[in-house]
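Since the structure comes first, as structure tokens, the remarks are kept for the end.
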Number of protein chains: 2
Amino acid sequence: MDAEARNTEGTPEGTPEAWRDIIPDAARRLMTAAVHAFAERGYHATTTRDIAGRAGMSPAALYIHYKTKEELLYQISKVGHRSALDILEEARDAAGTPAERLADAVRSFVRWHAEHHTTARVVQYEIGALAEDHYAEITAMRRASEGAVRAIVEDGVKAGDFDVPDARGTTVAVLSLCIDVARWFNPRGRSTPDEVGRLYAGLALRMVGAAGSPPPGDQGHT
Amino acid sequence: MDAEARNTEGTPEGTPEAWRDIIPDAARRLMTAAVHAFAERGYHATTTRDIAGRAGMSPAALYIHYKTKEELLYQISKVGHRSALDILEEARDAAGTPAERLADAVRSFVRWHAEHHTTARVVQYEIGALAEDHYAEITAMRRASEGAVRAIVEDGVKAGDFDVPDARGTTVAVLSLCIDVARWFNPRGRSTPDEVGRLYAGLALRMVGAAGSPPPGDQGHT
DNA sequence: CATGCCGGTGAGCAAGCGCTTAGGGGTGTC
DNA sequence: GACACCCCTAAGCGCTTGCTCACCGGCATG
């Protein structure tokens, strides 16, 4: 037995809302089956027989809805990155001080990575298995994500609210911190997605030297 | 062509010092070949023929020195985790204030992940492919790493130097930040391992609310 | 009832996988 | 020269892989 097989989900975590509109039903079932299989074992270690089996279908059924196994990964990556990017762009365009917008971005981005850590793991760690053109497309979305966060950070610097000598490096660090949640988060562990989100929002504010930011975890809606 | 194949190293990054004492020579050549192959394509996508080919040998030669492909991954994981753990424990046991020790830990831990990002990628992202007993052994070393960092953080809290409401969560965040360097670091990118290390040491000090910590990147030996 | 089509299956193909085995060439010892 | 030893190779075994293809039941339509 592989170590990854041990890493099973307590709850199947449901289906991200973004997948509701994937029809027909069989295509969606195959997609969620693929997400769980890819997250547990990795793309290359997952067989098309495994995916089809989880969806309660024969191996051949997969190819009625998807041209190849790689196309399945591509669709998952696209939907996942779209969700993540929406979160960050919404925070970037929201009203409020830079500190509020950064905290909001980190809180919801982290919460997404924790709640949908199965999807997030595939989205963040399996892109290397994409074909060249698909890889380029996804990379563009990732650059857009970084741009959204950097915009908030630079707003804060301009307003004099943040103290950041290296905006680009600090942005990478903040995003990196959020993304890595997908690697270690365990739904049966000590903290809920909400708790991690609030802790991390506070940590991010400290990282950018937000003036008078309270200790991490103390700010928020509690 | 896979996206991973695009992710080639400019310089082959040499061989971590820890591998000097792996003999015979052929075993070491196979090991470094495996590290590069695993880092580029992932464990499951790498074939034994590929590893042997990179080492300039026939596929069968691999099995003279290693029982299985998995044992190769296990040896790499063990050597890599040993190096990383040594770095953190050295910083934990060093003299100096908690702030100095934390900065030192983060700086050298990050530098290791950037300089040896090929090895680090395998060490951090392929452990799921280990067999059950090997996985357990490596997991113990990872817990020890977390313990070393938490010890420094708790020292700082006790001394009144740090302001950390959630020591365990903050420790996870700091370690997570460092580890993720292996995922995004690019030796042909904007920053050197040393620059990232210094930036991150400053960010970590801010995360723990170290009293009077200067802006990240400004402290250090410059 | 006949027809066409959508969404599915069972069987299987060519290729590639991890790993084994029989054997061979170079070197040191006597 | 005979021998043993180590390191390595050529060939290939048994199996799994991603994917295909001939076929079929259920259902709407005329």
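Quick caveat: nothing in here was measured; it's all calculated off a predicted structure. Each chain gets a letter, A, B and so on, in the order its sequence line appears, and its residues count up from 1.
For B:Arg121 (side chain) and B:Ala182 (main-chain N/O), a donor-acceptor pair under 3.5 Å exists by modelled atom type. In this structure, the side chain of B:Lys69 engages the main chain of B:Thr46 through a donor-acceptor pair within 3.5 Å.
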Donor-acceptor contacts under 3.5 Å from residues 145-153 of chain B side chains, at least two apart:
unit_1	atom_1	unit_2	atom_2	d
B:Ser145	OG	B:Met141	O	3.3
B:Glu146	OE2	B:Arg150	NH1	3.3

Per-pair distances, 0.1 Å, donor-acceptor, side chain in residues 85-92 of chain B, under 3.5 Å, sequence neighbours excluded:
unit_1	atom_1	unit_2	atom_2	d
B:Asp86	OD1	B:Arg82	NE	3.2
B:Asp86	OD1	B:Arg82	NH2	3.2

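Between B:Arg101 and B:Asp155 there is a salt bridge, with a side-chain nitrogen of the basic residue lying less than 4.0 Å from a carboxylate oxygen of the acidic one. With respect to B:Arg183 and B:Asp180, a salt bridge is recorded, a charged nitrogen being found less than 4.0 Å from a carboxylate O.
Residues that satisfy the side chain to side chain donor-acceptor pair (under 3.5 Å) test with A:Arg54, not counting sequence neighbours, are A:Glu40, A:Asp50. Partners of A:Gln124 according to the side-chain contact (heavy atoms from CB on, under 4.5 Å) rule, which considers only residues two or more places apart in sequence or in another chain, are A:His113, A:Arg142, A:Ile179.
Taking the 5' to 3' direction, DNA chain C first and last meets chain A under 4.0 angstrom from a heavy atom at C:dG8 to C:dG12.
Annotation: proximity of residues 46-62 of chain A to DNA chain D (heavy atom, distance under 4.0 Å) is found for A:Thr46, A:Thr47, A:Thr48, A:Arg49, A:Ala60, numbered in ascending order.
What separates NE2 of B:His65 from C1' of D:dC7 is a distance of 7 Å, to the nearest Å. If you take OH of B:Tyr63 and P of D:dG12, they are 19 Å apart, rounded to a whole angstrom. Distance A:Glu70 CD to D:dC19 C1': 15 Å, rounded to the nearest Å. In this entry the distance linking NZ of A:Lys67 with P of D:dC19 reads 11 Å, nearest Å.
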